[in-house]
Amino acid sequence: MKAGYDAPAIEQKWQRLWEDSETYQVSTDDPRPKAYVLCMYPYPSGPAHQGHVRNYTFGDVNVRFRTMNGIAVLSPLGFDSFGLPAENAAIKTGVHPRTFTDDRIAELKASLKRLGAAYDWRREIKSHDPSYIRWSQYIFIQLLDAGLAYQCDAPVNWCPGCKTVLANEQVLSDGTCERSGDLVVRRNLRQWFLRITAYADELLDDLDQLEWPERVKTMQRNWIGRSVGAEIDLEVAGGGSGKITVFTTRPDTIFGMTFAVVAPEHPDIEALTAPERAAEVQAYVAEVATRSELERMSGDGGPKRGVPLGTFVVNPANGSKVPLYVAEYVLGQYGTGAVMGVPGEDERDFEFAGAQGLGVLETVARPAGFPGGAYSGDGVKINSGFLDGLAVQPAKEAAIEWLEASGHGRGTVKYRLRDWLVSRQRYWGCPIPIIHCDGCGAVPVPVEELPVLAPDDVEFLPTGESPLAKHRGFVDVACPSCGGKARRETDTMDTFVDSSWYFLRFCDPFAEDRPFDMAAVRKWMPVDQYIGGVEHAILHLMYARFFTKALSDRGLVPDTLREPFTKLFTQGMIRLEGSKMSKSKGNLVTPQRYFDTVGADSLRLFHFFVGPPGDDVDWTSQSDEMIEGCNRFLGRVFNLDAQIPVVEGTAAVAREEAFLELMRLQDRVTTGIERWAYNTSVAALMEYTNALYRLLAAASDPRLLDHGYRTLILMLAPFTPHLAAEIFDRRYGRDVHRERWPELDRELLEAALVPMVIQVNGKMREVVEVDPKITEEEALQVVLALPKVAGLVGEGGPKRVIAKLPKVVNLLV
RNA sequence: GCCCGGGUGGUGGAAUGGUAGACACGGAGGCCUCAAAAGCCUUUGCUCGCAAGGGCGUGCGGGUUCGAGUCCCGCCCCGGGUACCA
């Protein structure tokens, strides 16, 4: 057994005591200033892994530190407990998803408690709990009422592996499923959508006010993909009929159109095709449809394929007729599914023109030395009639003005963002509370009948169809509107719906008659500090923002609440020797082994100390050695208790250099926490401890030693809560987590002597301690009196003196 | 291709334009021990020197500055996001 510091024993003792502690329980009428600190609630996957340790201990430092600073901190946690793994397990082993999930939650919760993270567990939320399902469904109906939920036939992303439809956001750029890695295929199904696009502008604009990592904001901006441009109507001539509308961000290039292209999915393609070309066009469209997304997307490489429709469109700007094509490089789902071909100023059009032998017409003067090809930069308009001589931006505006005046088009804004497909053909999710009636259509389940719960007596089979669809008792219902025979919706919601409002529910999870209590939401929201992984940069964070705005407009939360998360911190990932650590790879280094040996505090300290919290961590053979080092450090802290006697009433402490040194270190611990640089806080804590050992060896003033040690333990409290609680209790008989964070004597610190660097010709030569308010005259006197400096400066004295006092004096000779 | 990050000792990493490498890990040497483990002490960027002391050093090349790891320009490499979005 270890002499002295027995971490597992100490930790278990305190965790038992904390079970009933009210330290981190807060209420809506708490008089202290509030803070809402939230870590993304986890999917319950069994015992915690190192990623959890990082996430939840970083949050824990935040919570404990703020609490010690007199803040009422709302720190809840729950479980994102719907999802595929539980259902897949049910298919495999026959265990009901609820049993499976509850077991996993129990395991995860136990290891989070073992970690010593502080939560108000009374507020625990589980997505699969009927009391939560009820309000998820209530919110769905609210969105339906608001016109923000609708049903639509759509070509959807079907994952053969997961046997369900995926949201666009769940399909990776290579056309595979983010979960299973299977190639996603297109299917036409009737699906439920949420109209997130209604908030596209606000979602984009409000990003500016958020204190989020810039890269996350950039990812969201790109995802929304706002483009300003114009729609232009083109009359079809020569065998076809009607018109097509194209979208462009470069209306100024209209005079450069040498062809036009529609996407293979374009609905009017038949009408646009000349009869003699119909067969070839049909064959091409059919062939494209059989190709996978993956093949279609990888556009670079081969020449751009396409087929002429045999018809022409008229350029409204100059009346010229240009040929119309169908080509797969034009996307059916974006813009109007048709573009004007301007090879002079668009790279893709240039490639297509090259492949099809079409002409190129330049409408912007090239800069000197331009190598050729499409030119998309700024310049003077040429070959463009009334636009000639203008720069690109004014020409865009003039072109739109002309389009609108002449009735040939209009200025418009398009988004890359699409509506959010939320239907899932699975059992283990929140049922969509709708009843389909032949007479009345899709009727919402009356609010007083919520929650709609999935029946337990279903069969889990790997058919790809939800078990709900085969359950007569669930499906066959009376229409709530007309009382006639009707069918219950059997799709469930995307689990991202559950996580889009859980942070609101945490404000008052006890409310039984409403999803959230207005006063509680007003008190606690927005979340002051949100903490989680970057992998949610787009999906979860965008959906949650959308829900907040929609619920705010609906009057369910205050109308001033437009953004849920004021500050976001994304912690780094854990890798194992370069590759991602994951259960499926079987390369997990579980926290449990450390709990049993060096203890949770040492593991926590390692995660704080190993590097900046936002950086990725590579778990190597060295990590264990570092954890040992952290444990050794905590042992040194522990051992000081026996060596430093408690001094009653330690108010007065000698104002000596040693005291100043401790206070400077104290300052560094605090700023490290405030700046998300826990690694530097821990370094300062280690230096602080080293300093105490030196002072002890030098037989310093017992009051200084006790004061210093007391301060050290207070500062360790957020980082290593068990050890701090144990020592503080032993020495002072008080709960360290209810103490105030040690204050700093700024005045004293600022009056203390500081080091001044002396450079000669820019090279560092000497350091002296000086008064921080030293004048240049005084400084020069001090500096020139130093023999080394005098020798380097020589007889004539310095030619020039640059002084940034009290930091540096640079003498040029 | 485009958009972000990032390249600092053997390793993880510190450093509001002003002492580069804090704090650790690892290594070397020592103390304690019959021995080991643990613990403690010394040392540890490279290099010249017996020493005092000097020189060189933050991916590469330029620049700004009295002074650059830090700011600017151009490259190279690594990681992430995104990709025919008109």
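To find a chain, count down the sequence lines: A is the first, B the second, and so on, and within it residues start at 1.
If you find the closest nucleotide of RNA chain B to A/Lys804 and to A/Val682, the one lying nearer the 5' end belongs to A/Lys804. Each of A/Gly337 and A/Asn761 was assigned the nucleotide of RNA chain B with the nearest heavy atom; the assignment lying further toward the 5' end belongs to A/Asn761.
The side chain of A/Asn679 approaches B/A14 more closely than any other nucleotide in the set B/A14, B/A22, B/U82. Each of B/G12, B/G80, B/G55 was ranked by its minimum atom distance to the side chain of A/Phe609; first place goes to B/G12. Distance from the side chain of A/Met686 is smallest to B/A24 among B/U19, B/C66, B/A24. In this structure, the nucleotide among B/G18, B/A20, B/G54 sitting nearest to the side chain of A/Met764 is B/A20. Considering only the side chain of A/Ala683, B/A22 comes nearest among B/C66, B/A22, B/C3. Of all nucleotides listed (B/G18, B/A24, B/A86), B/A86 comes nearest to the side chain of A/Leu331. The listed nucleotides are B/A86, B/G55, B/G81; the one nearest the side chain of A/Arg765 is B/G55. When distances run from any side-chain atom of A/Met626 to the nucleotides B/C4, B/G79, B/G12, the shortest one goes to B/G12.
Applying the 4.0 Å criterion to OP1 and OP2 of B/A86, one finds that A/Tyr334 has a side-chain N or O inside that range. For the pair A/Arg636 and B/A38, the criterion of a side-chain N or O lying under 4.0 Å from OP1 or OP2 is not met. OP1 and OP2 of B/U65 both lie 4.0 Å or more from every side-chain N or O belonging to A/Asn810. A sub-4.0 Å separation between OP1 or OP2 of B/G81 and a side-chain N or O of A/Lys217 is absent. Residue A/Arg632 places at least one side-chain N or O under 4.0 Å from the OP1 or OP2 atom of B/C25. Contact annotation: A/Ser227 side-chain N/O to B/A86 OP1/OP2 distance is under 4.0 Å.
Between A/Tyr678 and A/Phe608, the ring-plane angle classifies as perpendicular under the 30° and 60° cut-offs. Relative orientation of the A/Trp619 and A/His607 rings is tilted, given thresholds of 30° and 60° on the angle between their planes. Aromatic ring orientation, A/Phe352 versus A/Phe259: tilted (interplanar angle from 30° to 60°).
Nucleotides B/A35 and B/G7 are separated by 47 Å at their C1' atoms, to the nearest Å. Across the C1' atoms, B/C60 and B/G55 are found 22 Å apart, a figure rounded to whole Å. With both ends at atom P, the span from B/G69 to B/A20 equals 9 Å, rounded to whole Å. Spacing between B/U58 and B/C46 at atom P, rounded to whole Å, works out to 15 Å. Nucleotides B/G17 and B/C72 have their P atoms positioned 12 Å apart, rounded to a whole Å. B/A86 and B/G67 are spaced 47 Å apart, taking the P atom of each and rounding to whole Å. Spacing between B/U64 and B/G13 at atom C1', rounded to whole Å, works out to 30 Å. The P atoms of B/A15 and B/C23 are separated by 14 Å, rounded to the nearest whole Å.
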message: Applying side chain to side chain donor-acceptor pair (under 3.5 Å) to A/Tyr284 and A/Glu328, what does each step give before you reach the verdict?
response: CA-CA 9 Å; A/Tyr284 174 72; A/Glu328 68 210 71; 2.6 Å; yes
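In this structure, B/A28 forms a base pair with B/U42, meeting either the Watson-Crick or the G-U wobble geometry with both donor-acceptor distances under 3.5 Å. Taking a pair to require two hydrogen-bonding distances under 3.5 Å in either a Watson-Crick or a G-U wobble arrangement, B/G69 remains unpaired. If you check B/C2 for Watson-Crick or wobble pairing at under 3.5 angstrom, you find it paired to B/G81. Pair check for B/A36 finds none; no Watson-Crick or G-U wobble contact set falls under 3.5 Å. The base-pairing partner of B/A52, taking Watson-Crick or G-U wobble contacts with both distances under 3.5 Å, does not exist among the strands shown.
Taking CE from A/Met40 and CD from A/Glu535, the interatomic distance works out to 7.5 Å, rounded to the nearest 0.5 Å.
Residue-level contact check: A/Arg675 touches the backbone only, with heavy atoms under 4.0 Å from sugar-phosphate atoms and none from bases. Counting non-hydrogen atoms under 4.0 angstrom, A/Gly335 reaches nothing in the nucleic acid. Using a 4.0 Å heavy-atom distance criterion, A/Asp349 is classed as making no nucleic acid contact. Counting any heavy atom pair closer than 4.0 Å across all strands shown, A/Val610 reaches sugar-phosphate atoms only and no base atom. Using a 4.0 Å heavy-atom criterion, one finds that A/Arg215 contacts the sugar-phosphate atoms exclusively. Residue contacts shown for A/Arg226 are absent, as no nucleic acid heavy atom lies under 4.0 Å away. When heavy atoms are screened at a 4.0 angstrom cut-off, A/Pro612 is found touching the sugar-phosphate backbone but no base atom. Contacts of A/Lys414 with the nucleic acid, taken as non-hydrogen atoms under 4.0 Å apart, are absent. Using a 4.0 Å heavy-atom criterion, one finds that A/Glu687 contacts the sugar-phosphate atoms exclusively.
Applying the 6.0 Å contact sphere to CD of A/Glu674 captures more than 12 heavy atoms from other residues, nucleotides or ligands. Residue A/Arg636 places its CZ atom among more than 12 non-hydrogen atoms of other residues, nucleotides or ligands, all under 6.0 Å distant. Surrounding NZ of A/Lys788 are more than 12 heavy atoms belonging to other residues, nucleotides or ligands, all under 6.0 Å away.
Counting atom types as modelled, A/Gln622 pairs no side-chain N or O with a base atom of B/G12 as donor and acceptor under 3.5 Å.
Computed from coordinates, the A/Glu535 CD to B/G81 C1' distance equals 13 Å when rounded to whole Å.
Base orientation of B/G9: syn, since the glycosidic angle falls within 90° of 0.
Contact annotation: the side chain of A/Arg410 approaches that of A/Thr245 to within less than 4.5 Å [non-hydrogen atoms, C-beta and beyond].
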